[in-house]
Amino acid sequence: MARTKNHIELQFLSEPSDVNYGGKVHGGMMMKWIDQAAFACALQWSQTYCVTVYVGGIRFFHPVHIGHLVKMEARIIYTGKTSMHIAVDAFSKPVGQTDFVKNTHCIIVFVAVDDNGQPKAIPAFKPKTEKEIAMHGYAIKLMELRKSIDKEMEPYIV
């Protein structure tokens with residue numbers, strides 16, 4: 001796959017094993033699908049194995065119901081030397097309907113690693129469209145916010 005492809009879309013049907021007693025997909029299952037879509041996007045961009053290093057700002061707007069078609073859209077929005085910031089949006093719709101509803105949004109950061117698990121250099125992402133430029137700026141703002149969050153969390157991590 002071309003390294004210039006900075007996005008990926010996955011679609012599938014939510015199944016009975018994915019849902020809780022209320023007939024809605026578990027948040028943990030949504031998080032798993034989000035991670036899988038982001039991993040596929042990171043792998044497609046970097047052409048090497050990647051590990052999740054951060055998941056943040058996950059928001060659940062609307063529930064996903066059993067039997068709905070689910071669409072995950074994952075997009076590279078920023079790259080460092082070895083890291084990739086990926087925005088993931090989840091959508092769903094009842095089968096037979098045309099319009100998807102946005103269910104979830106989050107940002108995931110992956111780091112490309114070599115065979116020894118050490119960070120590995122990746123191609124730089126250069127935003128071109130208005131949307132890509134806006135999302136790139138969004139990623140930079142979130143990185144700044146994470147610095148203060150990391151400092152606040154520091155006493156509780158060790």
Side-chain angles (χ1 to χ4, degrees), residues 1-12 14 18 24-65 68-93 99-114 117-158:
M1 290 185 194
R3 289 180 185 225
T4 57
K5 190 165 183 187
N6 69 318
H7 65 280
I8 195 164
E9 182 180 299
L10 306 176
Q11 290 190 22
F12 48 89
S14 62
D18 302 328
K24 296 172 182 74
V25 171
H26 290 283
M29 184 58 69
M30 291 294 292
M31 291 167 64
K32 176 183 176 185
W33 293 335
I34 287 167
D35 188 56
Q36 289 172 334
F39 173 76
C41 185
L43 184 63
Q44 176 175 271
W45 183 263
S46 68
Q47 298 292 301
T48 191
Y49 187 72
C50 303
V51 294
T52 308
V53 295
Y54 179 84
V55 178
I58 190 164
R59 297 292 184 264
F60 297 99
F61 306 119
H62 300 285
V64 176
H65 298 274
H68 277 203
L69 184 62
V70 178
K71 175 172 66 171
M72 295 286 166
E73 292 181 357
R75 178 173 307 279
I76 301 279
I77 60 172
Y78 180 88
T79 55
K81 292 177 185 172
T82 63
S83 65
M84 294 155 278
H85 294 65
I86 300 170
V88 182
D89 292 309
F91 302 86
S92 72
K93 68 175 185 169
D99 296 328
F100 281 93
V101 172
K102 188 172 186 176
N103 304 96
T104 308
H105 170 80
C106 75
I107 300 296
I108 300 183
V109 180
F110 279 85
V111 169
V113 295
D114 63 18
Q118 297 302 305
K120 181 178 179 179
I122 59 165
F125 170 67
K126 295 180 176 38
K128 295 178 183 125
T129 67
E130 263 186 60
K131 183 177 180 178
E132 288 176 345
I133 292 166
M135 293 300 286
H136 191 263
Y138 170 55
I140 291 169
K141 287 178 188 175
L142 291 176
M143 284 189 296
E144 288 302 314
L145 289 170
R146 276 197 305 274
K147 288 178 185 177
S148 63
I149 292 170
D150 288 348
K151 186 175 181 178
E152 192 68 32
M153 291 176 68
E154 192 173 303
Y156 306 101
I157 294 175
V158 182

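- Looking at every heavy atom in both residues, Ser14 comes nearest to His65 through OG-O, 2.8 Å.
- Residues Trp45 and Thr79 have side chains in contact (heavy-atom distance under 4.5 Å, counting atoms from C-beta outward).
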Take Ile34 and Met72 through the test side chain to side chain contact (heavy atoms under 4.5 Å, CB included) and record every step on the way to the result. CA-CA 7 Å; Ile34 287 167; Met72 295 286 166; 3.8 Å; yes
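- Below 30°, between 30° and 60°, or above 60°: for Phe100 and Phe91 the angle between ring planes is above 60°, a perpendicular geometry.
- Using a 4.5 Å cut-off on side-chain heavy atoms (C-beta onward), Lys32 and Asp35 make no contact.
- A salt bridge links Lys71 to Glu73: at least one charged side-chain nitrogen sits closer than 4.0 Å to a carboxylate oxygen.
- Classified by interplanar angle (parallel below 30°, tilted 30° to 60°, perpendicular above 60°), the ring pair Phe110/Phe39 is tilted.
- Take Lys131 and apply the side chain to side chain donor-acceptor pair (under 3.5 Å) test, not counting sequence neighbours, and it matches no residue.
- The shortest side-chain heavy-atom distance between Asn6 and Arg75 falls under the 4.5 Å cut-off.
- For the atom pair Ile107 CD1 and Met135 CE, the distance stands at 5.0 Å (nearest 0.5 Å).
- Looking at Gln11, its side chain never comes within 3.5 Å of a backbone N or O of Leu69 through a donor-acceptor pair.
- The existence of a salt bridge linking Lys151 and Glu154 is excluded, since no basic side-chain nitrogen approaches an acidic carboxylate oxygen closer than 4.0 Å.
- We find the NZ-OG distance between Lys24 and Ser92 to be 12.0 Å, quoted to the nearest 0.5 Å.
- No side-chain N or O of His62 forms a donor-acceptor pair with one of Asn103 less than 3.5 Å apart.
- Smallest separation of non-hydrogen atoms from Lys102 and Phe61: O-CB, 3.9 Å.
- Using a 4.5 Å cut-off on side-chain heavy atoms (C-beta onward), Cys41 and Ile76 make contact.
- Nearest heavy-atom pair across Ser83 and His85 is OG-CE1, 4.0 Å.
- Atom CD of Glu152 is separated from atom CD1 of Ile157 by 11.0 Å, given to the nearest 0.5 angstrom.
- Residues Ala112 and Cys50 come closest through the heavy atom pair CA-SG, 4.0 Å.
- In this structure, His136 NE2 and Ile140 CD1 are separated by 4.5 Å, a value rounded to the nearest 0.5 Å.
- Closest non-hydrogen pair, Ser46 versus Ile122, comes out as CB-CG2, 3.6 Å.
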Decide side chain to side chain contact (heavy atoms under 4.5 Å, CB included) for Glu132 and Phe125; before the verdict, give the C-alpha distance in whole Å, the side-chain angles of both, and the deciding distance to 0.1 Å. CA-CA 10 Å; Glu132 288 176 345; Phe125 170 67; 4.0 Å; yes
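- Relative orientation of the Phe12 and Trp33 rings is perpendicular, given thresholds of 30° and 60° on the angle between their planes.
- Taking the six-membered ring where the residue is Trp, Tyr138 and His105 present tilted rings, their angle falling between 30° and 60°.
- Contact of the Met31 side chain with the Ile58 side chain is registered, since non-hydrogen atoms from C-beta on lie closer than 4.5 Å.
- Between the CG atom in Asp89 and the OG1 atom in Thr104 there is a gap of 9.0 Å [rounded to 0.5 Å].
- Nearest heavy-atom pair across Ile77 and Ala87 is CG2-CB, 4.0 Å.
- Residues Lys120 and Thr82 have side chains not in contact (no heavy-atom distance under 4.5 Å, counting atoms from C-beta outward).
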